[in-house]
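Following: one structure in structure tokens, then a few remarks.
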Amino acid sequence: MRNTRTVRTPGGLSLRADVRALVVVVALLLAAAAASVVLIGTGDFPISFGDVLRTLAGDGTAGQDFIVNELRLPRVLVGLLVGASLGLGGALFQSVSRNPLGSPDVLGLSQGATSGALVVIVLMSGSAAQVTVGALIGGLLTGVGIYLLAWKQGVHGYRLVLVGIGVSAIVTAVNGYLLTKADLVDATRAVVWMTGSLNGRDWSQVWPLLALCAVLVPLVLANARGLRMTEMGDDVAYALGVRVERVRLLLMVSAVLLTAAATAAAGPVSFVALTAPQLARRLTRSPGPNLVASLCMGAALLVTADWASQRAFGADQLPVGVVTGVLGGVYLLWLLVTERKAGRI
């Protein structure tokens, strides 16, 4: 039996709180905050943990204020927002598809956003802002295509994953073709973007992503009950009064927007959307979608991976997408072996 508590509000409402899940969420928030402060203090000009906190509170020197608030804080905020967006988007896709492999990496959304960015880089030689818009449009178009191809009197998980894998293969081939048509400078720029990196991120990437999250996260959480009901099957959800296809479409659109926006801000950072919901579920031991825990896990994973990319390899600084790719690939192999032993694949 799970350790749950009932909380009653003065207005007469009652809420059931899962104590373990709440503890996990608080722990992940603290871990993400601590990793962020450490990351802000990391670099050619190191700043202690306490000095970072004092500078963020407005008590630092002029030099510390410039380094912390203008150079490093935007990068960390982008990392937190991108990780949170990918974690939440991955949880939504895995819940809708009822498959632990149903993440944007596997379904081809990240590759679709990459195609949009490559079109702008290779064919238009566009600016950084235009690349961001191109990635967002590419991700949205790919998501719409997957949904339409998977539609047959509704969208079901198994068909969604299969269609997504097929679309991913096609889009990956298109990306390779676009690279062959680029000149050396554009090809180099494209490959750097495709790796997934937080280098050079500033406040211009923070505000659009923050605004999108401010709209979509409350919208998704408001429909969390309907999502939980659909996990029990469409017939049960209909009987409980859930408009299944409406909820599913709304949440899939939200997941596509979150994934496309995260990819547009930092490039295709791989495997965070796949691993964050699974790790969150294992920590909370909750059978539900674990949306808040997945969001917090994604944020903590990405800032920790960014710190590792800067400090774990000596003088060599790697793009964060390389670190998440290596760790996520190992996790994916372990997940496949586990699922096979359990007879689910």
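Computed from heavy atoms alone, side chains included, the values below leave out hydrogens, waters and symmetry copies.
- The main-chain N or O of Leu283 is found under 3.5 Å from a side-chain atom of Arg20 such that the two form a donor-acceptor pair.
- With sequence neighbours left out, the side chain to side chain contact (heavy atoms under 4.5 Å, CB included) criterion links Ala135 to Ala113, Ala117, Trp193, Ala264.
- Cluster annotation: Leu149 is connected to Val96 through the hydrophobic network of ILVMFWY side chains, with a link wherever side-chain heavy atoms come within less than 4.5 Å.
- Summarising the geometry, atom CD belonging to Gln130 is positioned 5.5 Å from atom CE belonging to Met124; distances are rounded to the nearest 0.5 Å.
- The side-chain heavy atoms of Arg72 and Ile47, taken from C-beta on, include a pair separated by under 4.5 Å.
- A salt bridge is absent between Asp202 and Arg75: the closest approach of a Lys/Arg side-chain nitrogen to an acidic carboxylate oxygen does not fall below 4.0 angstrom.
- Put simply, CG on Asn223 and CZ on Arg248 are 13.0 Å apart, with the number rounded to the nearest 0.5 Å.
- The two residues Thr259 and Ser110 have their closest heavy-atom pair at CG2-OG, 4.2 Å.
- For the residue pair Gly134 and Val120, the shortest heavy atom distance occurs at CA-CG2, 3.8 Å.
- Interatomic distance, Leu179 CG to Asp186 CG, rounded to the nearest 0.5 Å: 10.5 Å.
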N/O donor to acceptor pairs below 3.5 angstrom from side-chain atoms of residues 208-219, sequence neighbours left out:
none

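- Note on Leu198 and Trp207: same hydrophobic cluster, where clusters join Ile, Leu, Val, Met, Phe, Trp and Tyr whose side-chain heavy atoms are under 4.5 Å apart, directly or indirectly.
- Every pair passing side chain to side chain donor-acceptor pair (under 3.5 Å) that includes a residue from residues 26-49 is listed here, sequence neighbours excluded: Ser48-Asp51.
- Looking only at distances, a side-chain donor or acceptor of Thr180 sits under 3.5 Å from a matching main-chain atom of Tyr177.
- Heavy atoms only, all atoms of each residue included: Ala260 and Gly139 are closest at CB-CA, 4.1 Å.
- Here the closest heavy-atom approach between residue Leu251 and residue Leu92 is recorded as O-CD1, 3.8 Å.
- Side chains of Asp65 and Thr55: no donor on one and acceptor on the other come within 3.5 Å.
- Looking at Arg201, its side chain does come within 3.5 Å of a backbone N or O of Ser197 through a donor-acceptor pair.
- Here OG of Ser294 is found 9.5 Å from CG of Leu28. Values are rounded to the nearest 0.5 Å.
- Pairs passing the ring pair (Phe, Tyr, Trp, His ring centres under 6.0 Å) check and including a residue from residues 19-53, sequence neighbours excluded, do not occur.
- Here the closest non-hydrogen pair linking Ser115 and Leu178 is O-CD1, 4.1 Å.
- The closest side-chain heavy-atom distance from Gln205 to Pro74 is not below 4.5 Å.
- The hydrophobic cluster containing Val24 does not contain Val303, counting ILVMFWY residues as joined when their side-chain heavy atoms lie under 4.5 angstrom apart, directly or transitively.
- In summary, of the residues considered (Val330, Val323, Thr324), a side-chain contact (heavy atoms from CB on, under 4.5 Å) with Leu327 occurs for Val323 alone.
- By the side chain to side chain contact (heavy atoms under 4.5 Å, CB included) test, Arg246 pairs with Arg243, sequence neighbours left out.
- Judged by distance alone, the side chain of Gln94 and the main-chain N or O of Leu274 form a donor-acceptor pair under 3.5 Å.
- Within the hydrophobic cluster formed by Ile, Leu, Val, Met, Phe, Trp and Tyr side chains joined at under 4.5 Å, directly or through other members, Leu141 is accompanied by Val133, Ile137.
- Between the CG atom in Leu53 and the CG atom in Asp59 there is a gap of 11.0 Å [rounded to 0.5 Å].
- Val269 is connected to Val206 through a chain of hydrophobic side-chain contacts under 4.5 Å among Ile, Leu, Val, Met, Phe, Trp and Tyr, so both are in one cluster.
- What you find for Gly328 and Thr275 is that their closest heavy atoms are CA-CG2, 4.2 Å.
- No side-chain heavy atom of Gln64 sits under 4.5 Å from any side-chain heavy atom of Val52.
- Hydrophobic cluster membership differs between Leu258 and Val78, with clusters built from Ile, Leu, Val, Met, Phe, Trp and Tyr side chains linked at under 4.5 angstrom.
- Asn290 pairs by the side chain to side chain donor-acceptor pair (under 3.5 Å) definition with Thr284, not counting sequence neighbours.
- With rounding to the nearest 0.5 angstrom, the CG atom of Leu162 is 10.0 Å from the CG atom of Leu107.
- Listed by chain and residue number, Thr195, Leu318, Pro319 satisfy the side chain to side chain contact (heavy atoms under 4.5 Å, CB included) test with Val322 (two or more places apart in sequence, or in another chain).
- With sequence neighbours excluded, the residues forming a side chain to side chain contact (heavy atoms under 4.5 Å, CB included) with Ala224 are Leu291, listed by chain and number.
- You'll find the side chain of Met194 reaches within 4.5 Å of the side chain of Leu118, heavy atoms only.
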Using side chain to side chain contact (heavy atoms under 4.5 Å, CB included), reason through Gln310 and Leu39 one step at a time and then give a plain yes or no.
CA-CA 9 Å; Gln310 296 186 50; Leu39 183 57; 3.2 Å; yes
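- By the neighbour-count criterion of 12 heavy atoms within 6.0 Å, atom CH2 of Trp203 is densely surrounded, having more than that number from other residues, nucleotides or ligands.
- Between the side chain of Asp105 and the backbone N or O of Phe271, at least one donor-acceptor pair lies under 3.5 Å.
- Within the 4.5 Å cutoff, no side-chain heavy atoms of Leu333 are placed close to those of Val337.
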If you look only at distance, which donor and acceptor atoms sit under 3.5 Å apart when one is on a side chain in residues 80-91 and the other is two or more places apart or in another chain?
from  : atom 1 : to    : atom 2 : distance (Å)
Ser85 : OG     : Leu81 : O      : 2.8

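- In this structure, Glu70 contributes its side chain and Ile67 its backbone to no donor-acceptor pair below 3.5 Å.
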Can you give me every donor-acceptor pair (side chain of residues 163-172, partner residue at least two apart or in another chain, under 3.5 Å) with its distance?
from   : atom 1 : to     : atom 2 : distance (Å)
Ser168 : OG     : Gln111 : NE2    : 3.3
Thr172 : OG1    : Ser168 : O      : 2.7

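- The stretch residues 72-114 participates, sequence neighbours left out, in no ring pair (Phe, Tyr, Trp, His ring centres under 6.0 Å) pair at all.
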